[in-house]
Amino acid sequence: MSKSNDEAMLVAPPPPPPPFDPTKPSTPISFPIKTLQDLKSRSYFDSFHFSFNRSSVPLRRNTGALPDRSRILVCHDMKGGYVDDKWVQGCGNNAGYAIWHWYLMDVFVYFAHSLVTLPPPCWTNTAHRHGVKVLGTFITEWDEGKAICKELLATKESAQMYAERLAELAAALGFDGWLMNIENVIDEAQIPNLMVFVSHLTKVMHSSVPGGLVIWYDSVTVHGLLAWQDQLTENNKPFFDICDGIFMNYTWKENYPKASAEIAGDRKYDVYMGIDVFGRGTYGGGQWTTNVALDVLKRDNVSAAIFAPGWVYESEQPPDFYRAQNKWWSLVEKSWGRVQTYPQVLPFYADFDLGLGSHISLGGQTFSDAPWYNISCQNLQPLLEFHEGSNIMQVTVDGREASYNGGGNVCFRGKLKRNEHFTARLFKPQLQLSASPISISFSVKSDTRSELSILLQFSSPSNETKSLLMAPNDSISRVGNMFLPCHLTSTQTKSDWTVHETNLVLDGYTLTEISAFCSTPDDLTEEANTLEYFALLGHISIKSQQKTKLFPLAIEAHDVKIVPGDPGSKTLSCKLEWRLKHPKEDFTFTRYNVYAEDLKSSDYRPRKVMEERRIEKVFLGTAHVNAYYVSELVVGSDVKGVRFVVQPCGEDGTWQELDASPNLLVEIERPSSKLCCCGLI
């Protein structure tokens, strides 16, 4: 019996997506270099994505050499790399992985199993903001790796050329160096050229990147054998001698760190003993006993290399990622102590944004309630102490509650006895003050039973300690005998945030601690002795009183592409770029909010912001370089043009008013490949 036409008809599967062409305009992503040919040809620099992948935040502690003490290196390895973090302009997964305990590390390595693993700029931006160096990874493995090394090390000249290519990438993208991982056998005759490769890379990194760093992984030996040593020996020390450090394999024994320190001599801190947090053969077992290995390494005066701390995230440790992450890193702090101190220079600004969240605010006003993930947006993180148990005030960075700026806050929730107070460490700065006045401000949102102040601790030139409490005026009488009070100017916003501000001159003093001070108002009418406490800290800012300059900004649109969509609608894609018209000015922004507004035929005004009636500006995303790619923006049939608005935001927490921000009109009906408009910031 024959089948009907409907039954006989087969539905063809959709065609596969075209292969990724890095030269074509598309949503910017980070990706590795997978072949020697691509490394040699410098094809990465011809990629459309190259300009988006540059880090925009310089290393905060740009002093060159690492500190002369035991250090912590953290090697991030997760699911092959380039997961949510590959989306340079961010994505919508606010459950993505993040790190916020930067004050516990000196070096961050982005690791994956591609030949040349380039760190996504979000990690470099955030790590640099906290004073942490960032390394990419060069890796060869097994039989394929042996073939790659045979070509790479064919001659002394080829070894030097590939080393120069790696240094060029680091300098161009703004990260600080390389982890070198050769996990395959090498023909012993090529070992001299391998030494040339490592030594030349180290030399060129030092000359092209301030504080450039090259670290060798304990794998192949000077005899070309793949034989992990787990300690510093005559088989791997020749590589250690020609670079900046060695990352030891994880299966070391308890006496190995001390023995390695003795061999390293004055360079004992350049020996990084590996710890696999997953616990695969690692000393101490990793996981929740990672501190066992850390204690040994700190005792024996060597450094630590913590591999895959994302174990907490990948293994879904209870009760949830945030609490498990804070608990795990508290083990590191108890064993090792803090290794970063900030702020050290002005301006200082923190809004506690984790680089992910469920909303985005500016000045207390929420302008997006969509989930988002963009680690480049992570602001300076507080040094919160972890406490378990319900009988103590819980202090957390909480992206679910309201935000003053960005998507984060510090949330204080718990119980507080009447006439008592609770303090929580926020930052441990080393900020020397001058005779110039400084402005200090912070924002608070709380219920009527909860009062939140900022406590500042200073050291005088004669090493006397003084504490200053920035508290609302009605609290000064009760705590005035404990701390030096100061007069605050308080402003209430439309969204119920209160911004407190004061001006100080403390010439010669050094700010050494910033804490939160939780208390209850004196005039409470409730009779209960123990009260529920809830308050949010939105931001803290310390800066000079210099007025922000205005700079002329030119905006252009490139690669404009308009494609018909559903009946009557279209999609618009384009690359927005902007630049200071006077680039000699010594000023840069590291963050821009990008918005779009549709202009219909009734309100179409070329080159002019609408003043007759308000047009809704839709938040598109955040850029951290002077460019943003608009991908397939849907516009209705009656839309004649789209005006893009670029809102510059400074590292000091200031921002240009949206209506005064530079803008560019892209006409839908008469597109061109390049459009230009100028504005002022």
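- Taken from CD1 in I360 to CG in D353, the straight-line distance is 7.5 Å, to the nearest 0.5 Å.
- With hydrogens and angles left out, the side-chain atoms of R643 and N663 include a donor and acceptor closer than 3.5 Å.
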Start with the C-alpha distance between E501 and S439, add both sets of side-chain angles, then the distance that settles side-chain contact (heavy atoms from CB on, under 4.5 Å), and finish with yes or no.
CA-CA 7 Å; E501 185 173 4; S439 171; 2.7 Å; yes

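- Under a 4.0 Å N-O distance rule, the pair E401/K445 does not qualify as a salt bridge.
- To the nearest 0.5 angstrom, K40 atom NZ is 8.5 Å from R165 atom CZ.
- Put simply, the side chain of S443 gets close to the backbone of H539: a donor and an acceptor are under 3.5 Å apart.
- For the pair W87/I29, a side-chain contact is recorded, criterion being any heavy-atom separation below 4.5 Å from C-beta on.
- Between the Q340 side chain and the M105 main chain, a donor and an acceptor come within less than 3.5 Å of each other.
- Counting heavy atoms from C-beta outward, D85 and Y110 have side chains that approach closer than 4.5 Å.
- Judged purely by atom type and a 3.5 angstrom limit, K133 uses its side chain to pair as donor or acceptor with the backbone of G211.
- Using a 4.5 Å heavy-atom cutoff, the side chains of L380 and F352 are not in contact.
- For K570, the NZ atom counts as densely surrounded, since its 6.0 Å shell holds more than 12 non-hydrogen atoms of other residues, nucleotides or ligands.
- Without hydrogens or angle criteria, T126 side chain to I375 main chain gives a donor-acceptor distance under 3.5 Å.
- In this structure, a donor-acceptor pair under 3.5 Å is absent between the side chains of D46 and S43.
- For the residue pair T27 / S631, a side-chain donor-acceptor distance below 3.5 Å is found, with atom types taken as modelled.
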Tell me, with the steps shown, if F644 and V666 meet side-chain contact (heavy atoms from CB on, under 4.5 Å).
CA-CA 8 Å; F644 294 102; V666 175; 3.7 Å; yes

For K617 and D659, run salt bridge (Lys or Arg N to Asp or Glu O under 4.0 Å): C-alpha distance rounded to whole Å, both residues' side-chain angles, the deciding distance at 0.1 Å, then the answer.
CA-CA 10 Å; K617 296 179 177 67; D659 287 341; 3.2 Å; yes

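- Minimum heavy-atom separation, F31 to P22: CZ-CB, 3.9 Å.
- Under a 3.5 Å cut-off, the side chain of Q89 and the backbone N or O of P28 do not form any donor-acceptor pair.
- Between S569 and S637, the side chains place no donor N or O within less than 3.5 Å of an acceptor N or O (distance only, hydrogens not considered).
- Ion pairing between a basic and an acidic side chain is recognised when a charged N comes within 4.0 Å of a carboxylate O; R129 and E651 show such pairing.
- Nearest heavy atom pair, residue G96 against residue L356, reads O-CD2, 3.7 Å.
- At least one side-chain heavy atom of D244 sits under 4.5 Å from a side-chain heavy atom of H206.
- Ring orientation note: the planes of W123 and H76 are tilted relative to one another, at an angle of 30° to 60°.
- Closest approach of H359 and G399 over heavy atoms only: CE1-O, 3.2 Å.
- Considering every non-hydrogen atom in both F427 and A350, the closest pair reads CZ-CB, 3.7 Å.
- S55 places no side-chain N or O within 3.5 Å of a backbone atom of L173 that could act as its donor or acceptor partner.
- Side-chain atoms of Y103 do not come within 3.5 Å of backbone N or O of P382 as any donor-acceptor pair.
- In this structure a side-chain-to-backbone donor-acceptor pair under 3.5 Å is present from W178 to L166.
- Between the OH atom of Y373 and the CG atom of D84 there is a distance of 5.5 Å, given to the nearest 0.5 Å.
- The shortest distance between side-chain heavy atoms of T622 and Y592 does not fall below 4.5 Å.
- Shown here for V132 and L59, the closest heavy-atom pair between the two residues is O-CD1, 3.4 Å.
- Taken to the nearest 0.5 Å, the CZ atom of F619 stands 9.0 Å off from the CD atom of Q647.
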Please assess H49 against Y44 for the test ring-ring contact (aromatic ring centres under 6.0 Å, His included), listing each intermediate value before the final yes or no.
CA-CA 8 Å; H49 305 262; Y44 182 84; 8.8 Å; no

Between V57 and T124, does the side-chain contact (heavy atoms from CB on, under 4.5 Å) criterion hold? Intermediate values first, please.
CA-CA 8 Å; V57 180; T124 309; over 6 Å; no

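- Looking at L536, V499, N409 one by one, the single match for side-chain contact (heavy atoms from CB on, under 4.5 Å) with Y404 turns out to be V499.
- Between F138 and the options L115, I33, T117, a side-chain contact (heavy atoms from CB on, under 4.5 Å) holds for only L115.
- Q344 places no side-chain N or O within donor-acceptor distance of the main-chain N or O of Q432, the cut-off being under 3.5 Å.
- Side-chain atoms of S361 come within 3.5 Å of backbone N or O of S403 as a donor-acceptor pair.
- Using modelled atom types and a 3.5 Å distance limit, the side chains of N94 and S358 yield no donor-acceptor pair.
- Remark: the H624 side chain and the S56 side chain contain no N/O donor-acceptor pair separated by less than 3.5 Å.
- When all heavy atoms of H128 and P58 are compared, the closest pair comes out as CB-O, 3.5 Å.
- Note that CG of L433 is 6.5 Å distant from CG of L511, once rounded to the nearest 0.5 Å.
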Worked verdict on H130 versus Q381 for side chain to side chain donor-acceptor pair (under 3.5 Å)
CA-CA 8 Å; H130 291 85; Q381 292 300 299; 5.3 Å; no

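- Between H200 and E164 the shortest side-chain heavy-atom distance falls below 4.5 Å.
- Of the inter-residue distances, the one linking K575 atom NZ with Y628 atom OH reads 14.0 Å to the nearest 0.5 angstrom.
- For the pair F442/T502, no side-chain contact is recorded, criterion being any heavy-atom separation below 4.5 Å from C-beta on.
- In this structure, N405 and L362 have side chains that are in contact, with non-hydrogen atoms separated by less than 4.5 Å.
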What verdict does the side-chain contact (heavy atoms from CB on, under 4.5 Å) test give for L354 and N379, after you've listed the backbone C-alpha separation in whole Å, the side-chain angles of each residue and the deciding distance to 0.1 Å?
CA-CA 7 Å; L354 281 175; N379 203 257; over 6 Å; no

